[in-house]
Every structure is written in C-alpha cells, then in structure tokens.
S.K.: 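Okay, here's the structure, questions in a sec.
Just so you know, these numbers use all the heavy atoms, side chains as well, and skip hydrogens, waters and symmetry mates. Being a predicted model, the structure only gives us computed values, none of them experimental. Residue numbers begin at 1 in each chain, while the letters A, B, ... track the order of the sequences.
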Amino acid sequence: MASPSGDPASRVATKAPPSSGARWPDISFRWLALLAALTTAALIVLVGWELYRGSRQAIAQFGLNFLGSSAWDPVTDKYGAWPFIYGTLVSSLIALVIAVPLGVAAALYLTEMAPLQLRQPIVTIIEMLAAVPSVIFGLWGIFVLIPWLRDHLFVWLKHTLGFLPLFQGPIYGVSMLAGGIIIAIMILPIITSVSREILRSVPDLQREAAYALGATHWEVIRIAVLSYARRGLFGAAVLGLGRALGETMAVTMVIGNRPVISASLFAPSYTLASVIANEFTEATTDMYLNALFELGLVLLVVTILVNIVAQLMLRTLSGGASGKVN
Amino acid sequence: MSETRHIQPAAAQHSWRRFKSGAMAGLLFVCALLVMAPLFLVLYFLIREGASALDWNFFTQLPKPTGEAGGGMANAIVGTLVMLAMAAVIGVPLGVMGGIYLAEYGSDRANDWIRFTADVLNGIPSIVWGMVVYVLLVVPFKTFSAYAGGVALGLMMVPLVMRTTEEVLILVPQGYREAGLALGIARWKIITVIVVKTALKGIVTGVLVAMARVAGETAPLLFTALGNNFWSHRLSEPISALPLQIFTYAISPYDDWHRQAWAGALVLMAVILILNVSVRILSRGRKFK
C-alpha cells in the first residue's frame with residue numbers, strides 16, 4: 001500500500017506550484033515547458049493527420065480492398081498493400097525468431113553470469129552496435145553479408161533443410177531471409193538492453209530462495225528469474241517488433257524489392273518502408289502518391305499499436321514489481 | 001524421461017544437473033558473443049574497405065560525374081553538419097523544455113501520459129517523418145531543401161532529448177531546489193540557474209547522443225533534403241548528406257562508387273563513435289553498479 005506515485009515525498013512537495021508570488025515570468029516559463037512537453041502528443045496527431053490527408057483519395061478509391069489486394073500497377077493506377085504487408089510481417093517475424101532468443105540469452109549472461117568487471121564493457125559494445133546507422137548495415141549487407149549468405153549459409157540450408165518449402169527455389173542472395181537477418185542484427189541491441197533492465201528488476205530474494213532449495217545456477221535462472229520476468233521479456237520482444245516493422249534503409253538494400261509472395265525465404269520480397277523509400281520520389285500520378293501515403297499510414301498505425309502494447313507491458317511490470325513481491 | 005531420472009541415484013542426478021547448468025552457462029556466453037559479433041564484423045570491413053578509399057580529395061572535392069574516377073564527398077559532409085545544426089536548433093529547446101516540465105512540474109499522472117507519448121513518438125519509423133515533412137515543407141515551397149531535412153531530423157530528436165533531460169534533472173538533489181526556494185528565488189530562476197546548470201553535463205550528453213543518432217539517418221532525408229551532387233548555396237535548395245550519398249553510391253553499379261561508399265561509411269561511423277565515446281568520457285561520474 002504505497003503512495004500512488006513512486007516519488008519520494010520530498011520531490012512531490014517541491015513540485016507543487018509556489019503558493020505565493022507566482023509572478024508572470026514563473027507562469028510563462030511553466031507554460032512554455034508545458035507546451036514543449038505537449039509537442040510529443042501534438043506530433044503524433046500531426047503525423048497521423050498528414051498521412052491520412054495524403055492518402056484520402058486512395059482510401060476513397062480502394063477502401064478496405066487496399067489491404068488485401070496484390071495489385072501494384074502505376075500504369076493502370078491500381079494499388080494494393082498486401083505484398084508489402086506480407087513482406088514486412090514475415091521479415092520482422094524472422095528477425096524476432098533470431099533476435100529474441102539471442103538477445104534474452106545475452107541479457108541473462110550479463111545479469112546472471114558475467115564477471116562484474118566484464119559487464120560494463122559488454123554493455124558499451126552493445127550500445128555501440130545500436131549506434132551503427134541503418135545505411136551502414138545496408139552497405140555491409142550488400143557487400144559482405146549477402147555474398148556470404150548466397151555462397152555458404154543459403155547453400156547449406158538448402159542442402160540440409162531443403163525438404164521444407166521455406167528453403168527451396170533459386171538462391172539470389174537478396175531475399176526475405178537476408179532482410180530478416182539484417183533486421184535481427186539491428187534490433188538485437190534494444191532487445192538485449194531492455195531485457196537486461198527487466199532481469200535486473202527481478203528481486204534477489206527470488207534467486208536466493210531458489211538457491212536455498214538447492215537449485216543449480218541454470219535452475220535458478222529458469223525457475224526464479226525467467227518465470228518472474230516472462231511478461232517483461234515479452235514486452236521487450238514486442239518493442240523489438242515495433243522497431244523491426246519500421247526498419248527502412250538496410251532492409252531496402254538487401255531484401256530484393258520485388259512485390260512477390262513466395263513460400264521460399266530465398267525469394268526476394270518488399271516491405272512497406274522499402275517501397276515508400278524507393279518509389280516516393282518517382283510517384284508520377286496523384287493516386288500513386290496517395291497509395292504510398294496509405295502504405296505509410298498502415299505502417300504508422302501498426303507501429304504505434306505495437307509500441308503502445310510494448311509500453312503497457314513494460315510499464316505494468318515495473319509498476320507492479322515493487323508491490324508484488326513479499 | 002522424468003521417470004528414468006527418478007530412479008537414478010541422487011549423486012548421478014546431481015552431477016547431471018551440474019553438467020546441464022554448466023552447459024547452459026556456456027551457451028549463454030556464446031549468445032552474448034554472437035550479439036556483439038556484428039559490431040566487430042562491421043567495423044572490420046569498414047576499415048578494410050574504407051581506409052584504402054579515403055584520401056584528402058574525399059574531404060575536399062565534390063562527387064565526380066557518373067563513371068569518372070576520383071572525387072569526394074565534401075558537400076555531403078557539410079550538408080550533414082548543416083542539417084545537424086538545424087536539427088539541434090529545433091530539437092534541443094523543445095526537448096530540454098519538455099524534460100524540464102516532466103522533472104519539475106506537472107502531476108505524476110499527466111507526466112506519465114507525456115512520457116508515454118514521447119516513447120510512442122520515439123517508435124515512429126523514420127521514413128514516416130520524411131513523408132510528413134515532405135507534405136509540410138516540400139510541397140508548399142515546391143522544392144526539396146536543407147530546411148526540410150533539418151526539420152525532419154530535429155523532430156526526431158525531440159523525444160530523445162526530452163527523456164534524457166528528465167532523467168538527469170531528477171538526479172539533481174532536492175536540497176538545491178529547497179535552498180533556492182528558501183532564499184525566495186523565483187522558480188524559473190531556480191530551474192534555469194541552479195537545476196539545469198547543475199545537470200548541464202548530463203543534458204549536453206543527451207543532446208550529443210541524440211545528434212549522433214540522427215546523424216546517421218537516411219530515410220527521413222530521402223524526400224526532404226533529397227541530395228545534391230554540387231554545393232548548396234542556400235538552405236532552400238536540395239542538399240546532400242553523408243548517409244544519402246552512401247546509399248546512392250552503395251546501390252549504384254560502379255566499383256569506384258562502391259569504394260567511395262565504404263569511405264563515406266567509415267567517416268560517418270568514426271564521427272558517430274567519437275561522439276558516443278566523448279559523451280561517455282564526459283559523463284564518467286554516473287556509472288552503473
């Protein structure tokens with residue numbers, strides 16, 4: 001039964017507006033600060049409104065069919081979003097399948113196992129990875145990753161797992177799988193660092209209780225840490241998904257940019273963000289531009305929803321964690 | 001499976017559990033290595049491919065026409081700096097003032113909402129910023145421009161700066177504010193002269209990290225700054241930027257341009273790493289654990 005806020009009482013006290021002598025510089029400063037703080041909400045509304053305005057014609061013309069249609073033909077002015085939605089979802093899914101286990105495992109190593117003097121250097125390295133620009137991953141993807149995938153990993157996958165439809169068909173290098181792998185690399189840092197925060201919030205009491213029952217190190221992690229942090233780790237994965245969906249440059253450079261839907265992960269694909277990046281400045285007709293705006297609107301709505309879910313999961317966890325133990 | 005384990009003698013079962021624990025520890029270690037590996041792979045190839053293509057001309061010359069060897073990215077380097085400066089002009093005041101509001105004013109409930117929107121805003125894909133600024137600044141003025149690119153980057157900085165500013169302001173001891181109040185100093189003066197000044201190092205750190213982050217952005221510049229093979233003489237003209245130039249060269253079919261793309265990427269990465277490392281040195285006082 002703590003106070004509704006987590007703040008120390010002293011902070012709350014000085015946060016109250018000064019009761020006497022609230023002169024105009026004070027009031028106007030406060031209002032300026034409030035305005036600046038509210039720009040965040042205003043910007044979200046502005047972004048949504050502008051994308052909606054930009055896509056009104058397409059929405060009126062195609063309605064809900066836009067989402068399910070596979071047409072993308074500037075000549076006849078027929079547009080549909082399905083291949084791009086499919087490409088975005090599948091590439092992000094591949095990225096999550098790779099990045100979530102790796103990221104959570106790395107976070108576990110960092111919080112539960114690594115020698116203390118190693119922790120800060122590893123955290124720094126992962127933060128540096130997060131600082132690498134998308135376009136540099138794309139460049140590296142084109143000239144280093146793709147040739148290696150094409151000549152080694154993909155060939156091997158085709159040999160060993162070729163009976164699955166996922167790993168059949170011709171190998172070009174640029175492909176859905178390459179896109180998924182590059183996204184995975186790019187969301188690894190955020191998944192790792194958020195997971196680490198979650199794991200660090202697991203009370204030591206949990207671990208000590210498990211040790212007291214005679215559990216081994218791994219059993220402590222599995223029983224006491226992972227089960228306690230499960231919800232938060234799920235939130236970290238959803239946050240990673242939000243980033244994955246919107247990744248643009250690196251994906252555009254390695255995914256092949258062809259709006260085809262194929263069972264094979266070796267086939268090229270196209271994502272919402274990539275098609276906007278590639279075709280926006282070439283859009284010649286109004287309807288073409290409108291269709292691209294509608295793709296942007298779809299991308300925006302999905303990423304905002306995913307981000308809201310992620311924030312809610314991470315928030316309720318950190319809010320409830322302190323009261324739930326004991 | 002579990003039944004067979006139950007009839008094993010306790011000692012054997014224990015050693016199996018110990019073995020499993022050790023194996024999992026090894027596996028976690030390998031995963032941590034795998035997470036770090038891409039950074040070293042990228043840096044290795046950046047240096048291997050980029051260093052040989054890097055010369056004085058790269059920093060002083062304009063791009064050569066298609067097919068001609070040589071040339072540099074002088075205009076792109078200047079373009080990136082110009083747009084970063086404009087981004088800071090927009091992002092820093094809004095972000096810092098917003099951070100001040102979160103740390104110093106507002107009810108907890110309202111601030112929770114503002115933080116929430118800032119985090120959601122931070123998750124909006126960068127390509128979307130490009131589209132929105134295109135509608136707001138490129139269409140009305142009928143030209144791609146440095147202004148549009150700077151605004152796109154600046155708006156992306158707002159939530160980043162806001163959150164870091166709030167974090168460092170909260171670290172300023174309450175006693176400082178109380179001392180100011182006891183002396184009868186106006187609140188806005190307490191905040192600007194005492195609180196912000198105390199936390200200035202942290203705020204600068206946050207700003208630099210945000211700038212390092214947007215310095216590498218390409219997607220929001222595609223339809224705003226557009227890129228330019230020549231010097232931009234006015235801010236109302238299309239302008240080049242390092243990430244844009246790297247992108248254009250990387251997807252081109254020319255070997256010489258590929259070399260230049262690697263050189264550009266090496267320079268961009270060096271700038272970003274130097275910004276990040278200097279920030280770490282600057283804020284060395286606040287270490288974790």
S.K.: Salt bridge or not for Arg280(B) and Glu127(A), using N-O below 4.0 Å?
M.R.: yes
S.K.: Between Ala105(A) and Leu28(B), which heavy-atom pair has the shortest distance, and what is it?
M.R.: CB-CD2, 3.6 Å
S.K.: Shortest non-hydrogen contact from Gly216(B) to Pro133(A)?
M.R.: O-CB, 3.5 Å
S.K.: My understanding is that only residues two or more places apart in sequence, or in another chain, count here; which of them pass ring-ring contact (aromatic ring centres under 6.0 Å, His included) with Trp257(B)?
M.R.: Tyr249(B), Tyr254(B)
S.K.: Scan residues 44-55 of chain A for pairs that pass salt bridge (charged side-chain N to carboxylate O under 4.0 Å, His left out), counting only residues two or more places apart or in two chains.
M.R.: Glu50(A)-Arg53(A)
S.K.: Relative to chain A, which segment of Leu46(B) carries a heavy atom at a distance below 4.5 Å: side chain, backbone, both, or neither?
M.R.: side chain
S.K.: Tell me, for Leu266(B) versus chain A, whether the close heavy atoms (under 4.5 Å) come from the side chain, the backbone, both or neither.
M.R.: neither
S.K.: With sequence neighbours excluded, what pairs up with Arg259(B) under the salt bridge (charged side-chain N to carboxylate O under 4.0 Å, His left out) test?
M.R.: Asp256(B)
S.K.: Can you tell which part of Leu226(B) gets under 4.5 Å to a heavy atom of chain A, answering side chain, backbone, both or neither?
M.R.: side chain
S.K.: Which residue out of Val96(B), Val120(B), Leu43(B), Leu244(B) racks up the most heavy-atom pairs below 4.5 Å with chain A?
M.R.: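 Maximum pair count with chain A is reached by Val120(B).
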S.K.: Tell me, for Trp262(B) versus chain A, whether the close heavy atoms (under 4.5 Å) come from the side chain, the backbone, both or neither.
M.R.: both
S.K.: Check each of Val47(A), Asn307(A), Ile44(A) against Leu121(B) using the side chain to side chain contact (heavy atoms under 4.5 Å, CB included) test, and report the only one that passes.
M.R.: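 Answer to the side chain to side chain contact (heavy atoms under 4.5 Å, CB included) test with Leu121(B) among Val47(A), Asn307(A), Ile44(A): Ile44(A).
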S.K.: Which pair of heavy atoms, one from Thr303(A) and one from Gly123(B), lies closest together, and at what distance?
M.R.: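 Looking at all heavy atoms of both residues, the closest pair is CB-O, 4.3 Å.
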S.K.: Can you tell me which portion of Phe45(B) sits under 4.5 Å from chain A's heavy atoms? Options are side chain, backbone, both or neither.
M.R.: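 Contact with chain A involves the side chain of Phe45(B) alone.
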S.K.: Heavy-atom distances under 4.5 Å only: say whether Val35(B) touches chain A with side chain, backbone, both or neither.
M.R.: both
S.K.: Search all heavy atoms of Ala215(A) against all heavy atoms of Arg17(B) and return the closest pair with its distance.
M.R.: CA-NH2, 3.8 Å
S.K.: Please tell me whether Phe280(A) and Tyr134(B) form a close aromatic pair, meaning their ring centres lie under 6.0 Å apart.
M.R.: yes
S.K.: At a heavy-atom separation under 4.5 Å, does Ala212(B) approach chain A through its side chain, its backbone, both, or neither?
M.R.: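 No part of it gets close to chain A.
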S.K.: Which residues in residues 269-276 of chain B have any heavy atom closer than 4.5 Å to a heavy atom of chain A?
M.R.: Met269(B), Ile272(B), Leu273(B), Asn276(B)
